[in-house]
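Here is the structure we will look at.
Below, each value reflects all heavy atoms present in this structure, side chains not excepted, and no hydrogens, waters or symmetry copies.
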Amino acid sequence: MLTRLKVSGFKNLIDVDIRFSPFTCIAGANGVGKSNLFDAIQFLSALSNNSLIEAARSIRDEGGKSSDVRSLFHRVGNEYDTEMSFEAEMIISSHGTDDLGQEAKASSTILRYILIIAYRPEQNPLKPLGTLEIIKEELTRLNKSELPNNLIFDYSKQWIDSLFVTRRRGEFISTEGEKNDEDRKIKVHQDSGSSGRKEGGSVGKTRRFLARTLPRTVLSESNAVESPTALLAKREMQSWRILQLEPSSLRKPDDFMTDTVLGMDGSHLPSTLYRLAMLSDIENLNDRESSDDSGQQVYTQVANTLSELIHDVRSVSIDRDEKRQLLTLMVQGRDGTSHPARSLSDGTLRFLALAVLNLDHETQGLLCLEEPENGIHPERIPAILKLLQSIATDVNEQVDVDNPLRQVIINTHSPAVVLQVPDDSLVIAELKEIVNNHKRYRGVRFSCLNGTWRTKDDAVNIVAKGRLLGYLNPVASNEEIDIYGNGNSQSKSKKKSRVVDRPDIQPYITGLMEDILKS
């Protein structure tokens with residue numbers, strides 16, 4: 001779980017410091033930098049699993065996938081910054097396994113990871129685009145005494161007690177030498193989370209790597225034997241993903257041998273739901289006289305959730321075609337008509353995928369979603385917000401199999417979403433003018449509402465109430481707009497009356513605004 005992120009020098013993120021709770025909604029106009037924050041999270045996740053160059057090329061630039069690694073660095077005019085820095089505070093799982101199936105136990109579960117990367121022009125003519133170099137990499141633990149200042153959202157004692165582990169002092173990864181030192185080393189310290197001993201019983205020594213020659217972060221090479229805590233930090237960062245539910249992927253049936261985990265594009269939805277139903281059947285087998293209603297409890301839960309979006313839903317099921325060996329998701333209406341996934345609307349499919357994801361406790365980590373309200377009728381937006389919040393961990397209960405450590409961050413520019421999310425979950429993204437080193441440019445700033453938990457941080461930005469008016473009353477008056485493009489509200493052409501201008505509609509809008517302001 002990502003609890004705090006500081007970023008500087010990445011795209012238009014300069015000196016950004018933002019805190020997260022289990023559910024966070026980031027609202028802002030198009031082009032302000034909401035997606036850049038998601039890209040920064042995705043970049044850190046990619047660095048935990050790939051080389052520096054591969055991770056950089058996996059992040060989109062203005063034209064799509066990045067081909068020039070410099071496009072990730074902050075730019076003013078044609079001049080790029082040469083460094084970008086990241087500082088992430090996170091809660092990790094207390095146990096897990098490495099790529100070879102070796103068990104790892106964390107000696108600390110609340111950590112801070114710092115990474116500074118520089119761009120280096122390449123002298124080799126075969127590599128004209130340059131390369132990336134690690135300037136600093138650190139992984140350290142946060143003490144329990146630091147939690148009041150570092151973990152400031154509201155949570156219960158049983159929730160934090162079920163997560164917090166500390167059996168070690170000191171650093172897991174550190175940097176030796178100054179920034180301009182050619183012999184600068186990244187050090188990996190022996191971790192007591194495992195046996196702490198190499199073959200033959202000898203205690204492992206600190207390992208040192210020459211920073212300027214590292215093709216990837218040392219965190220990405222962590223294993224359970226030498227660095228179990230770093231490995232579990234790596235696993236946590238690998239779980240930071242952007243959920244981009246594509247209707248074309250959601251509509252596809254699955255063959256019997258396909259993956260049974262929902263893809264970040266929505267692929268494998270039928271096989272994932274079928275797995276959950278079969279697991280439920282196995283777990284409850286001793287309580288049943290027969291298995292004819294295999295997985296019915298799971299199907300019923302998904303159908304009940306979907307009915308909050310579409311009232312005309314009787315059941316959800318998986319059609320198992322033995323001849324073609326295909327699994328197809330089916331939704332039956334109240335009139336008894338069954339509809340395969342390929343005939344469902346985009347919004348229904350996305351809602352279905354989130355309902356299945358909510359039941360799949362094997363899916364953990366951080367999920368980022370861009371504009372989840374797309375394809376959803378405004379009247380149904382409260383239902384999808386309720387579902388997204390239910391996916392995130394409940395901070396009033398201990399973390400266990402029924403309350404996994406999951407986190408959801410969404411971004412939006414929809415007034416319908418902003419007005420209905422919890423006020424302490426809302427963060428407003430705005431472009432602000434910044435002056436630094438005699439340069440003037442615009443960067444994104446993240447602000448919160450006054451009186452919410454984020455204001456415990458004295459350095460936090462408080463959003464001006466005037467900046468919220470666009471969300472509270474987003475419809476401009478006829479005097480404020482020129483729908484004919486003539487530069488003013490007057491036109492020789494006959495004005496067209498908008499729905500919002502109708503006299504029979506105005507009282508409802510006025511009443512709604514009065515209710516909002518009273519609340």
Side-chain angles (χ1 to χ4, degrees), residues 241-281 292-360 363 367 369-388 390-391 408 410 412 414 416-417:
R241 293 162 293 174
I242 295 180
L243 191 60
Q244 296 175 312
L245 299 174
E246 298 293 339
S248 58
S249 299
L250 291 164
R251 290 190 169 93
K252 290 180 181 178
D254 286 326
D255 61 57
F256 286 1
M257 301 302 293
T258 196
D259 197 351
T260 59
V261 177
L262 186 69
M264 289 300 99
D265 61 351
S267 57
H268 311 310
L269 177 57
S271 60
T272 302
L273 178 55
Y274 188 73
R275 168 177 60 85
L276 294 175
M278 294 302 99
L279 287 176
S280 175
D281 184 54
D292 292 338
D293 60 344
S294 176
Q296 190 57 48
Q297 181 180 358
V298 169
Y299 294 138
T300 300
Q301 285 180 279
V302 174
N304 289 341
T305 302
L306 184 60
S307 66
E308 296 184 27
L309 182 74
I310 304 173
H311 297 314
D312 186 34
V313 172
R314 173 181 291 176
S315 66
V316 172
S317 62
I318 295 296
D319 176 63
R320 183 180 171 94
D321 187 334
E322 297 290 346
K323 184 176 180 180
R324 295 188 298 164
Q325 293 196 324
L326 287 178
L327 301 173
T328 302
L329 189 148
M330 306 292 295
V331 175
Q332 187 182 65
R334 294 191 183 277
D335 62 357
T337 305
S338 293
H339 305 275
R342 65 177 179 272
S343 66
L344 300 177
S345 69
D346 294 358
T348 299
L349 287 168
R350 291 192 181 103
F351 199 87
L352 255 173
L354 292 174
V356 171
L357 188 65
N358 186 37
L359 294 178
D360 189 3
T363 300
L367 298 175
L369 288 85
E370 296 204 54
E371 302 175 5
E373 70 277 5
N374 283 349
I376 304 295
H377 189 279
E379 194 176 78
R380 302 290 185 251
I381 286 178
I384 198 167
L385 291 177
K386 177 184 175 182
L387 179 55
L388 289 169
S390 68
I391 292 174
V408 175
I410 66 174
T412 185
S414 167
V417 172

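- The shortest distance between side-chain heavy atoms of Glu246 and Leu349 does not fall below 4.5 Å.
- Here the side chain of Asp346 pairs no donor or acceptor atom with the backbone of Gly375 at under 3.5 angstrom.
- Pro382 and Pro378 get closest at one heavy-atom pair: CD-O, 3.9 Å.
- For the pair Thr272 (side chain) and His268 (backbone), a donor-acceptor distance under 3.5 Å is present.
- Put simply, the side chain of Asp312 reaches to within 4.5 Å of the side chain of Arg334, judged on heavy atoms.
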> Should Ile310 and Val331 be marked as a side chain to side chain contact (heavy atoms under 4.5 Å, CB included) after you check the CA-CA gap, both sets of side-chain angles, and the distance that decides it?
Replying inline: CA-CA 11 Å; Ile310 304 173; Val331 175; over 6 Å; no

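- Pairing each heavy atom of Pro270 with each of Pro253, the nearest pair is CG-CA, 4.3 Å.
- The two residues Leu276 and Val298 make their nearest non-hydrogen contact at O-CG2, 3.6 Å.
- Judged by distance alone, the side chain of Arg380 and the main-chain N or O of Leu309 form a donor-acceptor pair under 3.5 Å.
- Expressed to the nearest 0.5 Å, how far CG of Leu243 lies from CG of Leu357 amounts to 6.5 Å.
- Judged by distance alone, the side chain of Ser271 and the main-chain N or O of Asp259 form a donor-acceptor pair under 3.5 Å.
- For the atom pair CZ of Arg342 and OG of Ser248, the computed distance is 15.0 Å after rounding to the nearest 0.5 Å.
- Across all non-hydrogen atoms, the minimal contact from Asn358 to Ser390 is OD1-O, 3.3 Å.
- To the nearest 0.5 angstrom, Gln325 atom CD is 12.5 Å from Thr258 atom OG1.
- Counting only heavy atoms from C-beta outward, the side chains of Leu352 and Leu344 approach each other to under 4.5 Å.
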>> Run the side chain to side chain contact (heavy atoms under 4.5 Å, CB included) test on Leu245 and Leu250 for me, step by step, so that the C-alpha distance in whole Å, both residues' side-chain angles and the decisive distance to 0.1 Å come before the verdict.
In response: CA-CA 7 Å; Leu245 299 174; Leu250 291 164; 4.1 Å; yes

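- Among all heavy-atom pairs drawn from Leu269 and Ala353, the shortest one is CD1-CA, 3.9 Å.
- Residues Ala383 and Glu308 share a closest heavy-atom pair of CB-O, 3.9 Å.
- Atom CD of residue Glu373 and atom OG1 of residue Thr412 lie 3.5 Å apart, to the nearest 0.5 angstrom.
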>> Evaluate Arg320 against Leu327 for side chain to side chain contact (heavy atoms under 4.5 Å, CB included), listing each step before the verdict.
In response: CA-CA 5 Å; Arg320 183 180 171 94; Leu327 301 173; 4.0 Å; yes

> Should Ile384 and Phe351 be marked as a side chain to side chain contact (heavy atoms under 4.5 Å, CB included) after you check the CA-CA gap, both sets of side-chain angles, and the distance that decides it?
Replying inline: CA-CA 7 Å; Ile384 198 167; Phe351 199 87; 3.9 Å; yes

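- Between atom CD1 of residue Ile391 and atom OG1 of residue Thr363 there is a gap of 9.5 Å, rounded to the nearest 0.5 Å.
- Annotation: side chain of Ile410 is in contact with side chain of Leu385 (closest heavy-atom distance under 4.5 Å).
- Between Ile318 and Leu329, some side-chain heavy-atom pair lies under the 4.5 Å cut-off.
- Here the CG atom belonging to Asp335 is positioned 7.5 Å from the CZ atom belonging to Arg314, to the nearest 0.5 angstrom.
- By the 4.5 Å heavy-atom criterion applied to side chains, Arg241 and Leu367 are counted as neighbours.
- In this structure, Asp360 and Leu262 have side chains that are not in contact, with every pair of non-hydrogen atoms separated by 4.5 Å or more.
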